[in-house]
Amino acid sequence: MSKPSPVGSVMIAAARAAGRSLARDFGEVENLQVSKKGPADFVSNADHRAEDIIYSHLMKARPGYGFVMEERGIVEGTDKSNRFIVDPLDGTLNFLHGQPHYAVSIGLEREGELLTGVVFDVAKNEIFWAETGRGAWLDQRKLRVAARRHLNEAVIATGTPWHGIPGETHANFAREIAAMTPATAGIRRYGSAALDLAWVAAGRFDGFWERGLKPWDIAAGIVLVREAGGVVTEIDGGDVLTTGNTLAANADLHPLMEKQLRHAAAFGKSA
C-alpha cells in the first residue's frame, strides 16, 4: 500500500475537516426543504464555511502556496511554483435539494503540472486520492480504470449545461448526447464532475465527458484518472484546465468517445 506524501496527507485532512462541516449542514438543508424561502442562502453559507476550513488547514501547513478557489478566486502565494485548486462543495445543486451526492475536491498544481488530487465523497465517507508516481487510491485500495474495450459495453458519465448558459451550448450538448447514447450501454448524469472523474478512476464509470467545467471541478479528478491508468484530454485538443472541456476514459475507449464527439461536431457544422 502506498502512503500519501506529507502535502497529500494535509490535503486529505483538510478535505475531511471540510466534509464534516458539510455533513452537519447537509442535515439542516434537508430540514429547510419545507420552507418557502428554500435553502439556497444556507447552502451558500455552507460552501463558504467549508472553503474557510480548507483554506485555514492548507495555509497553516503550506503558508507560501497560492490558491485557486471557487469562492475566493485566485490567492497569490509567495511560492509561485505551487498552488492548490479547491472546490469546497462540488455538486451544489444536489446538496441544495438534499441529495447525498456531493464532494470536496482539492488539487495541487506544481510548476504548471497537476501533481496531487483528493476527492472526498462526504455522504459515502470515501476518500479518493492520487499523487503522480504513487498511483490512485480509494482509502487503502489501489484504483484502476475499467478494462472494457467496446463502447457498446460502457457506461459513460456526463453533465448537462446549466440554466442560463447560451442556447448554442445546449444545442451542442443535444448533438453530443444523440451521438453518444446509442453507441454506449448507458449514459449517467449524477451532478458532480469531481465524483464522475473519481468514479472513472475507480472503474465505476467507463468514461466521462463534459464541456465548460472550471479548474476546481476537474483538477483533482484529472490526477486520479491518470494515476489509475486512464487518459484525460481536452475534447477539442486545447488545454483542459483553460476550457474545461474534459474527456476521460481508458486508453481503448478514449479514442472511441472522441470519434463520437467529432461526429456530433461535424453534424452541427453541416446543420
Side-chain angles (χ1 to χ4, degrees), residues 1-27 46 50-51 53-58 60-62 84-92 94-95 99-110 114-148 155 157 188 190-208 216-232 246 248-250:
M1 184 192 94
S2 180
K3 291 185 178 180
S5 68
V7 70
S9 296
V10 168
M11 292 165 66
I12 290 170
R16 284 198 178 278
R20 287 192 292 271
S21 176
L22 289 172
R24 288 191 295 269
D25 286 337
F26 184 73
E51 187 169 279
I53 290 168
I54 294 168
Y55 184 73
S56 176
H57 270 71
L58 298 181
K60 183 178 180 180
R62 296 293 187 277
F84 295 110
I85 304 175
V86 178
D87 191 343
L89 174 55
D90 187 62
T92 303
N94 290 345
F95 193 96
Q99 298 173 12
H101 191 77
Y102 59 94
V104 179
S105 177
I106 307 175
L108 173 61
E109 185 183 57
R110 177 169 296 160
L114 293 171
L115 184 71
T116 306
V118 174
V119 174
F120 181 31
D121 184 334
V122 179
K124 299 178 189 65
N125 192 31
E126 291 185 330
I127 281 277
F128 299 87
W129 67 272
E131 294 188 89
T132 301
R134 293 175 183 256
W137 301 79
L138 170 52
D139 296 319
Q140 298 180 2
R141 180 170 65 85
K142 192 167 186 179
L143 300 180
R144 191 73 185 170
V145 292
R148 292 180 184 87
V155 173
R188 300 290 184 265
Y190 283 5
S192 168
L195 284 175
D196 287 342
L197 287 166
W199 283 22
V200 171
R204 297 175 183 177
F205 287 140
D206 298 291
F208 167 78
W216 47 81
D217 297 320
I218 56 177
I222 288 172
V223 184
L224 280 161
V225 173
R226 288 176 176 169
E227 284 298 302
V231 178
V232 185
T246 309
N250 67 29

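These numbers come from the heavy atoms of this one structure, side chains and all, not from hydrogens, waters or symmetry mates.
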(request) Kindly indicate whether the side chain of Leu197, heavy atoms from C-beta on, has any atom under 4.5 Å from the side chain of Val119. (result) no
(message) On a heavy-atom basis, which atom in Asp139 and which in Glu126 lie closest, and how many Å separate them?
(response) OD2-CA, 4.4 Å
(message) To the nearest 0.5 Å, what is the distance between CZ on Arg16 and CD1 on Ile54?
(response) 13.5 Å
(message) Within this structure, what is the OG-CG distance for the pair Ser5 and Leu108, rounded to the nearest 0.5 Å?
(response) 8.0 Å
(message) Within this structure, what is the OH-CZ distance for the pair Tyr55 and Phe84, rounded to the nearest 0.5 Å?
(response) 11.5 Å
(message) I want to check something: taking the side chain as every heavy atom from C-beta on, are Gln140 and Ile127 in contact at a cut-off of under 4.5 Å?
(response) no
(request) Considering non-hydrogen atoms only, spot the tightest contact between Leu224 and Ala136 and give its length. (result) O-CB, 3.5 Å
(message) Using a 3.5 Å distance criterion without hydrogens, assess whether the side chain of Asp217 forms a donor-acceptor pair with backbone atoms of Asp90.
(response) no
(request) List the steps and the verdict of side chain to side chain contact (heavy atoms under 4.5 Å, CB included) for Val122 and Leu89. (result) CA-CA 10 Å; Val122 179; Leu89 174 55; over 6 Å; no
(request) Spell out, as yes or no, whether a donor-acceptor pair under 3.5 Å connects the side chain of Arg226 to the backbone of Val232. (result) yes
(request) Starting at OG1 of Thr92, measure out to CG of Asp87 and round the result to the nearest 0.5 Å. (result) 6.5 Å
(message) Nearest 0.5 angstrom please: Ser2 OG to Arg134 CZ, how far?
(response) 5.5 Å
(message) Are Ser21 and Glu51 packed together at the side-chain level, in the sense that at least one heavy-atom pair is separated by less than 4.5 angstrom?
(response) no
(message) Assess the residue pair Trp199 and Ser192 against the criterion (side chain to side chain contact (heavy atoms under 4.5 Å, CB included)); give the C-alpha distance rounded to whole Å, side-chain angles, the decisive distance to 0.1 Å, and a yes or no.
(response) CA-CA 11 Å; Trp199 283 22; Ser192 168; over 6 Å; no
(message) For Arg62 versus Val7, what's the shortest heavy-atom pair and its separation?
(response) NH2-N, 3.5 Å
(request) Taking all non-hydrogen atoms of both residues into account, name the closest pair between Ala18 and Ile53 and its distance. (result) N-CG2, 3.7 Å
(message) Do Glu227 and Thr132 make a side-chain contact, defined as non-hydrogen atoms from C-beta onward lying under 4.5 Å apart?
(response) yes
(request) Decide if atom NZ of Lys124 counts as having more than 12 heavy atoms of other residues, nucleotides or ligands within a radius under 6.0 Å. (result) yes
(request) Please name the pair of heavy atoms, one in Ser105 and one in Ala194, separated by the smallest distance, quoted to 0.1 Å. (result) CB-CB, 4.0 Å
(message) Could you report the tightest heavy-atom contact between Pro100 and Ala123, atom names first, then the distance?
(response) O-CB, 3.3 Å
(message) Donor-acceptor pair, distance only, cut-off 3.5 Å: does the side chain of Asp206 make one with the backbone of Val155?
(response) yes
(message) My understanding is that only one of Phe26, Tyr190, Phe120 makes a ring-ring contact (aromatic ring centres under 6.0 Å, His included) with Tyr102; could you say which?
(response) Phe26
(message) I need the Trp129 CH2 to Lys3 NZ distance, nearest 0.5 Å.
(response) 10.5 Å
(request) Determine whether Val145 and Val231 make a side-chain contact, defined as any pair of heavy atoms from C-beta on separated by less than 4.5 Å. (result) no
(request) Please tell me if the side chains of Leu58 and Met11 come closer than 4.5 Å, counting only heavy atoms from C-beta onward. (result) yes
(request) Evaluate whether atom CZ of Arg148 has more than 12 neighbouring non-hydrogen atoms of other residues, nucleotides or ligands under 6.0 angstrom away. (result) no
